[in-house]
Amino acid sequence: MKSHDPIRSERRLLEALRAAETATLALRDYAATVLPPGSPAAGGPSIGEEAPARVELLEGGWLAVTLEAVLPRRGDSDRSRFLAHSLRAAIRRAFPDRLPPKFHICVLAYEHIYGPGRRFLDHDNLELKHCQDVLEAAFLTNDTSALCSAFQCSHRGERNATRIWVLPAEAFPKWLESHRESWAGPPET
């Protein structure tokens with residue numbers, strides 16, 4: 001008769017959960033590449049439609065991409081990939097009948113907003129790659145580092161969010177001036 005080992009059972013349960021999440025993400029990746037954008041035949045939301053992301057085209061040709069979450073830690077590729085799906089869906093919703101604007105030389109300004117009680121993360125610990133790949137594919141004519149610069153800032157807000165500004169390079173000084181509260185706030189101690 002075998003004895004019950006709670007640690008071993010917990011470990012097996014965690015492994016099963018991890019395998020299920022990995023399979024779900026792989027299925028989402030496959031569906032996102034195969035299914036056309038828009039309403040699926042079954043009548044429910046399409047991949048990423050329920051996701052908390054939005055894209056706005058603002059005066060002056062600026063784009064504001066808002067995610068209702070702080071970007072995940074580097075190495076947490078599961079959540080990063082899910083955010084990529086959300087971004088793709090938000091871009092489809094923002095530009096349903098036309099191609100999105102394309103930028104040749106630009107700045108991506110990442111504004112990390114931390115809600116009350118949320119601990120700030122070092123910028124080098126945040127995962128930008130999956131989101132940046134989606135944005136570059138949608139909005140840039142070329143993603144070479146000579147043509148696309150990135151800026152990151154963090155501050156407190158009412159709730160967790162990440163806003164990614166896609167700006168023509170010449171507009172970046174104006175953005176810095178008009179969004180001073182995003183980058184020049186008091187340091188968190």
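The shown structure was predicted, so the numbers you read here are calculated from the model rather than taken from an experiment. When a residue number appears, it is its place in the shown sequence, counting from 1.
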How many angstroms lie between [atom1] in [X] and [atom2] in [Y], if you round to the nearest 0.5 Å?
X	Y	atom1	atom2	answer
Ile105	Leu167	CD1	CG	13.5 Å
Glu111	Ser154	CD	OG	9.0 Å
Cys153	His155	SG	NE2	6.0 Å
Leu99	Phe139	CG	CZ	11.0 Å
Leu87	Asp133	CG	CG	11.0 Å
Leu135	Cys106	CG	SG	9.5 Å

Would you check, one step at a time, whether the test side-chain contact (heavy atoms from CB on, under 4.5 Å) holds for Leu108 with Cys148?
-> CA-CA 7 Å; Leu108 299 177; Cys148 179; 3.9 Å; yes
Min side-chain heavy-atom separation Ile113-Arg163 under 4.5 Å | yes
pair Leu147-Phe103: side-chain heavy atoms closer than 4.5 Å =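 Counting from C-beta outward, Leu147 and Phe103 never come under 4.5 Å.
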Kindly say whether Val55 contributes a backbone atom to a donor-acceptor pair with the side chain of Arg93 at under 3.5 angstrom?
->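 Checking the backbone N and O of Val55 against the side chain of Arg93, no donor-acceptor pair under 3.5 Å is found.
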Do any N or O atoms from the side chain of Lys102 and from the backbone of Ala138 form a donor-acceptor pair under 3.5 angstrom?
-> yes
Determine, step by step, whether Leu121 and Tyr114 satisfy the side-chain contact (heavy atoms from CB on, under 4.5 Å) criterion, reporting the C-alpha distance in whole Å, the side-chain angles of both residues, the deciding distance to 0.1 Å, and the verdict.
-> CA-CA 9 Å; Leu121 297 174; Tyr114 292 86; 3.6 Å; yes
Aromatic rings Trp62 and Trp165: how do their planes relate, parallel, tilted or perpendicular, breaks at 30° and 60°?
-> perpendicular
Ring geometry between His112 and Tyr110 (parallel below 30°, tilted from 30 to 60°, perpendicular above 60°) | parallel
For the residue pair Ala53 and Ser86, what are the closest heavy atoms and their distance?
->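 Here Ala53 and Ser86 meet closest at CB-O, 3.8 Å.
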Minimum heavy-atom separation for Gly61 to Pro168, with atom names?
->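 In terms of heavy atoms, the two residues are closest at O-CD, 4.4 Å.
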Whether over 12 other heavy atoms sit under 6.0 Å from Leu13 CG = yes
Does the distance from a Lys or Arg side-chain N to an Asp or Glu carboxylate O, for Arg12 and Glu10, drop under 4.0 Å?
->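 Here Arg12 does not pair with Glu10 in a salt bridge, since their nearest N and O are not under 4.0 Å apart.
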Phe120/Arg156 under side-chain contact (heavy atoms from CB on, under 4.5 Å): CA gap, chis, key distance, verdict = CA-CA 9 Å; Phe120 278 57; Arg156 282 276 172 226; 3.4 Å; yes
Close aromatic pair by centroid cut-off 6.0 Å: Phe151 and Phe172 |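 Yes; Phe172 has its ring centre under 6.0 Å from that of Phe151.
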